[in-house]
2 protein chains.
Amino acid sequence: MGETTRRAETRYGNRPTMKDVAARAGVGLKTVSRVVNGEPGVTADTERRVQEAIDALNFRRNDSARVLRKGRTASIGLVLEDLADPFYGPLSRAVEEVARAHGALLINGSSAEEPEREQELALALCARRVDGLLVIPAGDDHRYLEPEMRAGVATVFVDRPAGRIDADAVLSDSFGGARDGVAHLVAQGHRRIGFIGDQPRIHTAAERLRGYRAAMEDAGIPIEDAWMSLGLTDPERVRRAAEEMLSGPDAVTAVFAGNNRVTVTVVRVLSGLAERGRSVALVGFDDFELADLLQPGVTVVAQDAAQLGRTAAERLFSRLDGLSLDPERIELPTRLITRGSGEIPPAF
Amino acid sequence: MGETTRRAETRYGNRPTMKDVAARAGVGLKTVSRVVNGEPGVTADTERRVQEAIDALNFRRNDSARVLRKGRTASIGLVLEDLADPFYGPLSRAVEEVARAHGALLINGSSAEEPEREQELALALCARRVDGLLVIPAGDDHRYLEPEMRAGVATVFVDRPAGRIDADAVLSDSFGGARDGVAHLVAQGHRRIGFIGDQPRIHTAAERLRGYRAAMEDAGIPIEDAWMSLGLTDPERVRRAAEEMLSGPDAVTAVFAGNNRVTVTVVRVLSGLAERGRSVALVGFDDFELADLLQPGVTVVAQDAAQLGRTAAERLFSRLDGLSLDPERIELPTRLITRGSGEIPPAF
DNA sequence: TACGGCCTGGACAACGTTGTCAGATGCAGG
DNA sequence: CCTGCATCTGACAACGTTGTCCAGGCCGTA
């Protein structure tokens, strides 16, 4: 019994319920509900009495119970890779704004790029009965979400397409962006152009690599294996890869970096070289803050993370609003921003 | 009736409940509950039958109902200013990791620095019965949270203290950091040192200003009004303020920037001056990515956003674990990182 | 005055889960 | 064969809210 009592004391810290409010105001339970929800059918006088009781008791409606009853949580989930990554902050914020406009809260979680964690998180959000789910895939098999989607959880994938299921996806045009970026280097006269990217099992990485190949092929330049580094992107490894392709007689004269972490690492390597009087051209995929303040400014293929999030969220809410849509892939264009590093001519 | 039917169809998309699982497995409701929660007292055979039914129906426990029954949501809320700001991403991520370690989900929302929105968000989170609340204040009056705290919502304020109530706060040592940063400039020989900061109604801004004043006083340097700009921090205004204090015969020879948005803007102004051969020293409060890559590298007083979040979250969970603690203010130290811009000597 | 219709308010069930408790079952020992 | 005990199982209430539905009071009108 002590147990029971203790529990009763700590449950929500013993907050007042509508029943308590009703008792204090001397009205029925449902009348309180009506006042709280602004429903019609309550006289001004009754409403005043109820409102007084609410204020006196500091009553706040328990949304858990409400959710249980109504079957809608007015919340959506966002599974991303790492909120600390500057790419995801603005994306998440954009999603939040759209959610807010639709009266929903956003719950986001980081998968740390681990497929198991992505799944664990996505399913936990489903257990909470989020109305919809935005997923930035870490894994490449999303069949585990099929039952959830069939059961009515609206789902939109962002930044990368879903694996092995047919679903909405909102993506940046990685292929086109990379092709344009590399073509820009070609246009400056470069022929030996390096590519440093993530593992091709990641869709965006594969697409960017494809863009690189396409641009080189368009220019009639055969690619040498030594010019490409496709793998883990921890700074040390990228640094070594960059130094390798930048040394020897057949060193590249320009580098295309596959994502912004890579870009930053390459910038460090190149600024070391610059001190020794050697300048190498660089175009990076994805913009980053202060890219324009560096010397030289870094030319990038920019994608709009916020727009990505906004578009995906709008799509999600279209589904939630009852629109029945076929799964679709939406690709947003990228934009080449020239700032100097990409306009360095080849040094022979 | 059509209405009712429609509703029944869309409620959670008609997901199976424990009752359905029980019916299919030919067992009682409670037995399913036991299996789902791994409670003892179920024979292997029964458990297998239940598990099969669960898999066949794709059952997933409805956490809303669970929450209602148990009185704990296993989620905490974080109200911050803007998730798109690179300061908050790592902070939020750190909080998430701590929450995860305690089996809780994190719901965060952006106040956009509007006090009303902060309140709206915080109370919405309370209505969802989050177990605890982390708040990065936008407003300066948090009495509205008193009833919630009394009702048992553990609350910890982060980055800035709560206004008009007594509560936990985890802060960076803004005063000490700013004093050290300005003292560093004094040590380089500067005497005319400018300060550009946020409105002093913001606690951190006021503390940093106080640190500036203290360092100047320690050095026996009387401050001129023209050296200080305390106000809105939109880039255009900061730019004008910087240009103003950098012109005329009594122009400052060094600038202390009160936060990283200001720092970046000042860097832009100074890089313009540098092209005309004039170099001005700069120390900024708060580190930012690539600060070391700029020319010169930017000397900063760094605070550890992740540590701030981690500390606050740990404190929150200590309270949730039942520790009864007096409200306390925890100050984390800052660290001066010299990179060049702060070591520029005064130009007379 | 009697009647019908409208407005307000409240009783009750339901949402899907978990805690309580008592019943059922099985087994060993007398 | 019956009793006692331990183990397993299920009926039931409760969590706090909202939807449904009906009762009662009031008003205006005939």
Side-chain angles (χ1 to χ4, degrees), chain A residues 1 3-23 25-50 54 57 59-74 127-129 151, chain B residues 1 3-23 25-50 54 57 59-74 127-129 151:
Chain A
M1 205 202 74
E3 180 60 15
T4 308
T5 310
R6 155 83 74 76
R7 193 165 298 285
E9 274 167 7
T10 55
R11 162 181 294 275
Y12 301 136
N14 249 0
R15 306 191 63 133
T17 69
M18 287 192 176
K19 204 171 150 189
D20 301 322
V21 175
V27 302
L29 179 54
K30 179 66 201 192
T31 301
V32 177
S33 172
R34 273 193 270 261
V35 171
V36 169
N37 295 297
E39 287 169 28
V42 182
T43 53
D45 184 56
T46 308
E47 173 163 0
R48 190 186 45 72
R49 284 219 315 289
V50 171
I54 287 177
L57 296 173
F59 167 79
R60 189 169 315 284
R61 180 180 61 197
N62 185 332
D63 275 348
S64 300
R66 172 170 229 253
V67 157
L68 176 61
R69 186 64 235 252
K70 303 205 74 143
R72 290 248 146 184
T73 55
R128 303 230 164 190
R129 298 294 188 270
Chain B
M1 204 204 73
E3 180 62 15
T4 308
T5 309
R6 155 81 75 76
R7 193 166 298 283
E9 275 168 6
T10 55
R11 159 181 297 274
Y12 299 137
N14 248 0
R15 305 192 64 131
T17 70
M18 287 191 177
K19 203 170 149 191
D20 301 323
V21 175
V27 301
L29 179 53
K30 179 65 201 190
T31 300
V32 177
S33 171
R34 272 192 271 262
V35 171
V36 169
N37 294 296
E39 286 170 28
V42 182
T43 52
D45 184 58
T46 309
E47 174 163 358
R48 190 185 45 71
R49 284 219 315 288
V50 171
I54 287 177
L57 297 174
F59 168 79
R60 190 169 313 285
R61 179 180 61 198
N62 184 331
D63 275 350
S64 299
R66 172 170 229 253
V67 156
L68 176 60
R69 187 63 234 253
K70 304 205 72 143
R72 291 249 146 183
T73 55
R128 301 228 165 193
R129 298 295 188 268

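Proteins get letters first, then strands, A, B, ... in listed order; numbering begins at 1 in each.
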Please round to the nearest 0.5 Å and tell me the distance separating atom [atom1] of [X] and atom [atom2] of [Y].
X: A:Arg129; Y: B:Arg61; atom1: CZ; atom2: CZ; value: 10.0 Å
X: B:Leu57; Y: B:Met18; atom1: CG; atom2: CE; value: 13.0 Å
X: B:Arg66; Y: A:Leu68; atom1: CZ; atom2: CG; value: 14.0 Å
X: B:Asn62; Y: B:Arg69; atom1: CG; atom2: CZ; value: 14.5 Å

With a 4.0 Å limit, can you tell me whether [X] has a side-chain N or O closer than that to the phosphate oxygens OP1/OP2 of [N]?
X: A:Asn37; N: D:dT18; answer: yes
X: B:Arg66; N: C:dT18; answer: yes
X: B:Thr43; N: D:dT9; answer: yes
X: B:Ser64; N: C:dT17; answer: no
X: B:Thr31; N: D:dC8; answer: no
X: B:Ser33; N: C:dT18; answer: yes

Gap between atoms [atom1] and [atom2], on [X] and [N] respectively (whole Å):
X: A:Leu68; N: C:dA14; atom1: CG; atom2: C1'; answer: 9 Å
X: A:Arg128; N: C:dG16; atom1: CZ; atom2: P; answer: 18 Å
X: A:Leu29; N: C:dA13; atom1: CG; atom2: P; answer: 14 Å
X: A:Met18; N: C:dC12; atom1: CE; atom2: P; answer: 19 Å
X: B:Asn62; N: D:dC15; atom1: CG; atom2: C1'; answer: 13 Å
X: A:Glu39; N: C:dG9; atom1: CD; atom2: P; answer: 13 Å
X: A:Lys19; N: C:dG9; atom1: NZ; atom2: P; answer: 21 Å
X: A:Asp45; N: D:dC26; atom1: CG; atom2: C1'; answer: 16 Å

Mind checking if [X] touches a base, just sugar-phosphate, or nothing, with heavy atoms under 4.0 Å?
X: A:Arg61; answer: sugar-phosphate
X: B:Val36; answer: nothing
X: B:Gly41; answer: base

Practice item. Determine yes or no for a side-chain-to-main-chain donor-acceptor pair under 3.5 angstrom, with A:Arg49 supplying the side chain and A:Ala25 the backbone. Key: yes

Exercise for review: Ignoring the backbone of B:Lys70, work out which of C:dG16, D:dT17, C:dG19 is nearest its side chain.
Suggested key: C:dG19

Review point. To the side chain of A:Thr17, which of C:dG16, D:dT18, D:dG16 is closest?
Key: D:dG16

**Study point:** Quiz item: B:Arg34 side-chain donor-acceptor pair to C:dG19 base, under 3.5 Å
**Key:** no

Exercise for review: Assess whether one donor atom and one acceptor atom, taken from the side chain of A:Lys30 and the base of D:dG19, lie less than 3.5 Å apart.
Suggested key: yes

